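As structure tokens, the structure follows; a few thoughts come after it.
Predicted, not measured: the structure shown is a model, and the values here were computed from it. When a ligand or atom number is given, it counts from 1 through the structure's own listing order.
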Amino acid sequence: MRNSVETSLDTARTGPEGTPCATSGRKIKMMSLEQAREWLRDATAVAVLTGAGISAESGVPTFRGAGGLWKDYKPEDLATPEAFARDPRLVWEWYNWRRETIKQAKPNAGHAALVRLEIQKPHFTLITQNVDGLHDMAGSGRILKLHGDIWRMRCTSCGSNWPDRRAPLPKLPPHCGCGGLARPGVVWFGEPLPEGMMQEAEHATLAAQVLLVVGTSAQVYPAAGLIPLAKQAGARVIQVNLEPTPYSGIVDCALEGPAGEILPQLI
Ligand code: OAD
């Protein structure tokens, strides 16, 4: 799934090898949490990068890790433009099922904590790889949705773009009013991100004193590249995840545990 365009979705690269920051053992964990809380409290400019893990406690399956969707499904069959060209109905059946699952989900305490953080900080940017709309539902303001939005559709003929929250959809595959085939409003592997969005995300990351990285396996680029970018720019990076990621060794603090429990303690 490597793609020559730097800003298109790609999992082929790997992050740096690294050992997780010392958060094992209850005492060290508490100290790390205290330190991270202080960094966050003192920062006036904060950027947050979220991934599927923040919605896991809302009942939305992640892609990797325990119970991850990519264990049972292949991304190249369901999340590429080639897969859609080959079999639009199959791709839509999968998205229709995901829409039905997500429709039942409600934001959790992790989403809510990020809304509070946004209110506290003069400069705040929420960058998400999630397409589930739970940050919107929680009340977050401006959200940079790097991978699009599952609740939007786009016409493959006329290019128009519209919201659609029906789940299940009455007819598959759905069509546009112009008669053209509609596709999910998400970014697939090998496709470019929405225009200008990665630049905005990089800008916010470079300006941030703290980058908070929540519930992402940090394996998909260009989003994962924001982590080393923040480090190079001198920001503190705090990671919240159930398990280590390829960047655990370079972040300033890796807090291991569920986002719905850790974020309310951090914020
Ligand atoms: P992944 O599914 O790759 O990673 C989810 C991460 O969340 C894992 O590292 C888990 O350990 C962690 N996690 C699970 N439950 C958690 C919890 N309760 N609290 C904290 N962390 C938890 O999701 P992403 O990194 O978002 O793209 O994946 C990036 C992209 O790859 C997605 O946007 C999607 C996928 O393929 C497309 O479909 C195009």
Side-chain angles (χ1 to χ4, degrees), residues 1 3 7-15 20 23 48-84 91 94-95 97-99 101-102 105 107-111 113-114 126-135 143-150 183-194 197-198 201 212-227 238-248 251 254-266:
M1 288 204 195
N3 194 292
T7 52
S8 56
L9 208 57
D10 180 5
T11 50
R13 279 177 280 169
T14 52
T23 58
V48 180
L49 171 66
T50 64
I54 194 166
S55 297
E57 289 154 83
S58 296
V60 181
T62 60
F63 296 93
R64 301 170 188 82
L69 292 171
W70 294 150
K71 280 210 171 78
D72 294 327
Y73 303 95
K74 285 197 202 145
E76 54 271 33
D77 290 343
L78 299 164
T80 65
E82 293 78 19
F84 189 67
V91 170
W94 192 64
Y95 277 91
W97 168 74
R98 283 184 60 205
R99 285 164 65 104
T101 310
I102 295 169
N108 64 53
H111 297 102
L114 295 183
L126 177 56
I127 306 158
T128 190
Q129 298 165 87
N130 298 348
V131 298
D132 57 28
L134 291 182
H135 284 304
I143 306 161
L144 297 181
K145 296 180 184 176
L146 296 183
H147 297 171
D149 188 333
I150 203 166
R183 58 161 285 174
V186 302
V187 178
W188 285 322
F189 288 104
E191 290 189 315
L193 268 55
M197 203 168 278
M198 198 55 210
L212 178 59
V213 183
V214 186
T216 176
S217 60
Q219 290 181 39
V220 174
Y221 288 79
L226 295 173
I227 301 168
I238 303 166
Q239 174 179 273
V240 178
N241 200 305
L242 288 184
E243 53 191 42
T245 76
Y247 285 110
S248 292
V251 299
L255 299 169
E256 280 181 29
E261 288 177 26
I262 292 193
L263 290 182
Q265 292 178 55
L266 199 57

- May I ask you to list the atoms of ligand 1 that are less than 4.0 angstrom from any heavy atom of Ala56? 15 (N)

- Item | Euclidean distance, Gln219 CD relative to Phe63 CZ, rounded to 0.5 Å | 12.5 Å

- Query: Which heavy atom in Pro81 sits nearest to a heavy atom in Glu191, and how many Å separate them?
  - Reply: CG-CG, 3.8 Å

- Message: Between Ile54 and Leu134, is there a side-chain heavy-atom distance shorter than 4.5 Å?
- Response: no

- Task: Give a yes/no on ligand 1: does Gln219 have at least one heavy atom closer than 4.0 angstrom to it?
- Result: no

- With atoms numbered from 1 as shown, which atoms in ligand 1 lie under 4.0 angstrom from a non-hydrogen atom of Gly257? 19 (N), 20 (C)

- Note on the structure: For Gly51, the atoms of ligand 1 under 4.0 Å from one of its heavy atoms are 26 (O)

- Close N or O approach (Arg64, ligand 1; < 3.5 Å): yes

- Task: Using a strict cut-off of 4.0 Å, indicate which atoms of ligand 1 neighbour a heavy atom of Phe189.
- Result: 36 (O), 39 (C)

- Query: Just distances here: any N/O of Pro258 and N/O of ligand 1 closer than 3.5 Å?
  - Reply: no

- So for Val220 against ligand 1, with non-hydrogen atoms under 4.0 Å, the contacting part is side chain

- Taking C-beta and beyond as the side chain, do Pro258 and Leu242 meet within less than 4.5 Å on heavy atoms? yes

- Query: Below 3.5 angstrom, do we get any N/O pair linking Trp70 and ligand 1?
  - Reply: yes

- Message: Is there a side-chain contact between Gln239 and Thr216 in this structure, where contact means two heavy atoms from C-beta onward sitting under 4.5 Å apart?
- Response: no

- Query: Below 4.5 Å, heavy atoms only, C-beta onward: do Val213 and Val251 meet side chain to side chain?
  - Reply: no

- Short list, please: which atoms of ligand 1 are under 4.0 Å from a heavy atom of Val187? 39 (C)

- For the pair Thr50 and Leu114, evaluate side chain to side chain contact (heavy atoms under 4.5 Å, CB included) and give the outcome as yes or no after the intermediate values. CA-CA 10 Å; Thr50 64; Leu114 295 183; 3.8 Å; yes

- Message: Any nitrogen or oxygen of Ala52, side chain or backbone, less than 3.5 Å from one on ligand 1?
- Response: yes

- Side chain, backbone, both or neither: which part of Ile54 has a heavy atom under 4.0 Å from ligand 1? neither

- Item | Note, Pro184 side chain near Arg98 side chain (heavy atom, < 4.5 Å) | no

- Residue of the set Val220, Ile127, Val131, Thr128 for which side chain to side chain contact (heavy atoms under 4.5 Å, CB included) holds with Leu146: Ile127

- ligand 1 to Gly215 polar contact by distance, N or O atoms, under 3.5 Å: yes

- Message: Tell me whether Ser217 has any N or O atom under 3.5 angstrom from an N or O of ligand 1.
- Response: yes

- Message: For a quick test of reading the model, state the closest non-hydrogen atom pair linking His135 to Ile143 and the distance between them.
- Response: CB-CD1, 3.7 Å

- Within reach of ligand 1, part of His147 (heavy-atom separation under 4.0 Å): side chain

- Message: Show the atoms of ligand 1 that are less than 4.0 angstrom away from any heavy atom in Glu243.
- Response: 11 (O)

- Item | Sub-4.5 Å side-chain heavy-atom contact between Thr245 and Ile227 | no

- Message: Regarding atom 25 (O) of ligand 1: of the candidates Thr50, Leu49, Thr216, Leu242, which has the closest heavy atom?
- Response: Thr216

- Atom indices of ligand 1, in the order listed, that fall short of 4.0 Å to a heavy atom of Glu57: 17 (C), 18 (N), 19 (N)

- Query: Which atom pair, heavy atoms only, marks the closest approach of Ser55 to Asn130?
  - Reply: OG-ND2, 3.7 Å

- N/O separation below 3.5 Å, Phe63 to ligand 1: yes

